[in-house]
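Have a look at the structure below, then the notes.
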Protein chains: 2
Amino acid sequence: MSNFYNSEQINLARWAKALSHPARVHIMQHLSKQSCCYSGDLAEDLPIARSTLSQHLKELKAAGLIQGEINPPRIKYCINKDNWEIAKKSFKSFMNL
Amino acid sequence: MSNFYNSEQINLARWAKALSHPARVHIMQHLSKQSCCYSGDLAEDLPIARSTLSQHLKELKAAGLIQGEINPPRIKYCINKDNWEIAKKSFKSFMNL
DNA sequence: TTAGTATTTCGTAAAAATACGAAACAAAGA
DNA sequence: TCTTTGTTTCGTATTTTTACGAAATACTAA
């Protein structure tokens, strides 16, 4: 990562990127409403292959917006509340909301 | 565009994508502060080629977040205030801010 | 031990994003 | 008319994203 940009800019871009696909926006909306759910629940909702969904979940996890808790044979995904708050604050200050 | 996602999701993803690169975040911050500027001003700030900067400006313009006004031999870029307000509202409602 | 369930990882293909330098452009000034 | 200035477009290379189906994994239940 170029050391030119400040961390506010880098973080905002990172979070924006995590939200830059409608499927991932959908997932975050779903989790905002009910806080946790299983991958299968989302798979029924979304018009994409399960493996593709899994990739989107992986990206949201890598960005720190969600976390997965193993609950065999399923995996329960929840919002990472701490980071979600931080992300919200970033957007808030960036946009003067 | 798949007709599965609703327009709120599509728009949010579109704006998020526009902000998914630190250079574009930087540009929007710069324009938020002083509302308008020239491509050259940004070029001095940013560690990227002018042609690359031009591409980023083009993307922000395509997303509707900025607009360019020809002011020969320069081009004055300004925030598209109407759309920027709409984008802010989208993020605001998405994030319950 | 075998079968079933929920999910991920792997392999891969196609499309999009990012970046650069060279060339083109359009208007202003000499 | 020629040159300079600020900027974009073009051509191109590299990397990343998005997508799918097949195979692997991990745990449960029969």
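Chain naming here is simple, since letters A, B, ... match the order of the sequence lines and numbering starts at 1 in each.
The backbone N or O of Cys37(B) sits nowhere less than 3.5 Å from a side-chain atom of Asp41(B) that would complete a donor-acceptor pair. The backbone N or O of Lys17(B) lies less than 3.5 Å from a partner atom in the side chain of Ser20(B), making a donor-acceptor pair.
The CD1 atom of Ile27(A) sits 11 Å away from the P atom of dT18(D) (whole-angstrom rounding). Regarding Leu60(A), its CG atom lies at a distance of 16 Å from the P atom of dT7(C), rounded to whole Å. Separating the CZ atom of Arg24(A) from the C1' atom of dT16(D) is a distance of 12 Å, rounded to the nearest angstrom. Distance, Leu46(A) CG to dT18(D) P: 14 Å, rounded to whole Å. dT9(C) atom P lies 13 Å from atom CD of Glu59(A), rounded to whole Å. Phe4(A) places its CZ atom 17 Å from the C1' atom of dT18(C), with the value rounded to the nearest Å.
Here the CD1-CG distance, from Ile27(B) to Leu53(B), works out to 5.5 Å after rounding to the nearest 0.5 Å.
A sub-4.0 Å separation between OP1 or OP2 of dT17(D) and a side-chain N or O of Lys17(A) is present. Contact between the side-chain N/O atoms of His56(B) and the OP1/OP2 oxygens of dA17(C) is not found at any separation under 4.0 Å.
Ring orientation note: the planes of Phe94(A) and Trp84(B) are nearly perpendicular, at an angle over 60° on the 30°/60° scale.
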Just by protein heavy atoms under 4.0 Å, how would nucleotides 1-15 of chain D read 5' to 3' in B, S and -? ----BBSBB------
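Residue pairs meeting the side chain to side chain donor-acceptor pair (under 3.5 Å) criterion with at least one partner in residues 63-78 of chain B, sequence neighbours excluded, are Tyr38(B)-Asn71(B).
Val25(B) pairs in a side-chain contact (heavy atoms from CB on, under 4.5 Å) with only one of the listed residues (Gln29(B), Met28(B), His21(B)), which is Gln29(B).
Ile48(A) comes within 4.0 angstrom of sugar-phosphate atoms only, judged by non-hydrogen atoms across all strands, and of no base.
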